[in-house]
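The structure under discussion appears below in the form of structure tokens.
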Amino acid sequence: TDGCGVFYSTARYTLVTSDALVLDAGAGKVNACAVAVLDDTTTAVGGRAVTLVVASAHLLFNPKREDLRARQIAVVARRVRELAGDAAARG
């Protein structure tokens with residue numbers, strides 16, 4: 001199995017939430033993804049902290065299985081969109 005991480009400066013960012021994803025790599029194998037939502041405590045726009053959604057992933061590399069890699073990317077992108085929407089909703 002793979003491991004991924006998101007590392008950040010606690011002096012600048014506050015962790016809002018995080019998620020770990022297990023990505024199907026076919027043939028019973030898996031890849032990993034870490035997603036984090038961070039508030040930048042040093043930068044504000046309109047009185048609100050700037051929020052970042054960061055993802056770090058190990059994706060399948062197999063030229064014969066680009067379909068699986070595309071599916072992995074879609075799973076990661078969907079989760080990033082969900083977390084970004086949640087962050088926007090909290091205002």
Any residue meeting side chain to side chain contact (heavy atoms under 4.5 Å, CB included) with Val16, in chain and number order, not counting sequence neighbours:
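By the side chain to side chain contact (heavy atoms under 4.5 Å, CB included) rule, Val16 matches Val37, Asp39, Arg90.
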
List the atom pairs, with distances to 0.1 Å, where a side-chain N or O of residues 67-75 and a protein N or O form a donor-acceptor pair under 3.5 Å, not counting sequence neighbours.
unit_1: Asp67; atom_1: OD1; unit_2: Arg65; atom_2: NE; d: 3.1
unit_1: Asp67; atom_1: OD2; unit_2: Arg65; atom_2: NH2; d: 2.8
unit_1: Arg69; atom_1: NH1; unit_2: Leu60; atom_2: O; d: 2.6
unit_1: Gln72; atom_1: OE1; unit_2: Leu60; atom_2: N; d: 2.8
unit_1: Gln72; atom_1: NE2; unit_2: Asp24; atom_2: O; d: 3.0
unit_1: Gln72; atom_1: NE2; unit_2: Asn31; atom_2: OD1; d: 2.9

Identify the two heavy atoms, one from Ala87 and one from Thr51, that lie closest to each other, and give their separation to 0.1 Å.
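Closest approach of Ala87 to Thr51, heavy atoms only: CB-CG2, 3.8 Å.
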
Quick check: closest heavy atoms across Thr42 and Ala11, and the distance to 0.1 Å?
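For Thr42 and Ala11, the tightest heavy-atom pair comes out as CG2-O, 4.5 Å.
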
Considering only heavy atoms from C-beta outward, does the side chain of Cys4 approach that of Cys33 to under 4.5 Å?
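A side-chain contact is absent here, since even the closest heavy-atom pair is not under 4.5 Å.
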
Hey, mind stepping through Leu23 and Val30 against side chain to side chain contact (heavy atoms under 4.5 Å, CB included) and telling me if it holds?
CA-CA 5 Å; Leu23 306 170; Val30 296; over 6 Å; no

Tell me every residue that passes salt bridge (charged side-chain N to carboxylate O under 4.0 Å, His left out) with Glu82, counting only those two or more places apart in sequence or in another chain.
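Scan of Glu82 (salt bridge (charged side-chain N to carboxylate O under 4.0 Å, His left out), adjacent residues dropped) gives Arg79.
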
Partner residues of Arg12 under the salt bridge (charged side-chain N to carboxylate O under 4.0 Å, His left out) criterion, sequence neighbours left out
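Result, salt bridge (charged side-chain N to carboxylate O under 4.0 Å, His left out) vs Arg12: Asp40.
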
Cluster companions of Tyr8 among Ile, Leu, Val, Met, Phe, Trp, Tyr (side-chain spacing under 4.5 Å):
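Cluster partners of Tyr8: Val6, Tyr13, Leu15, Leu38, Val45, Val50, Leu52, Val54.
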
So, taking the atom named CG in Leu21 and the one named CZ in Arg78, what distance separates them when rounded to the nearest 0.5 Å?
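Those atoms lie 10.0 Å apart.
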
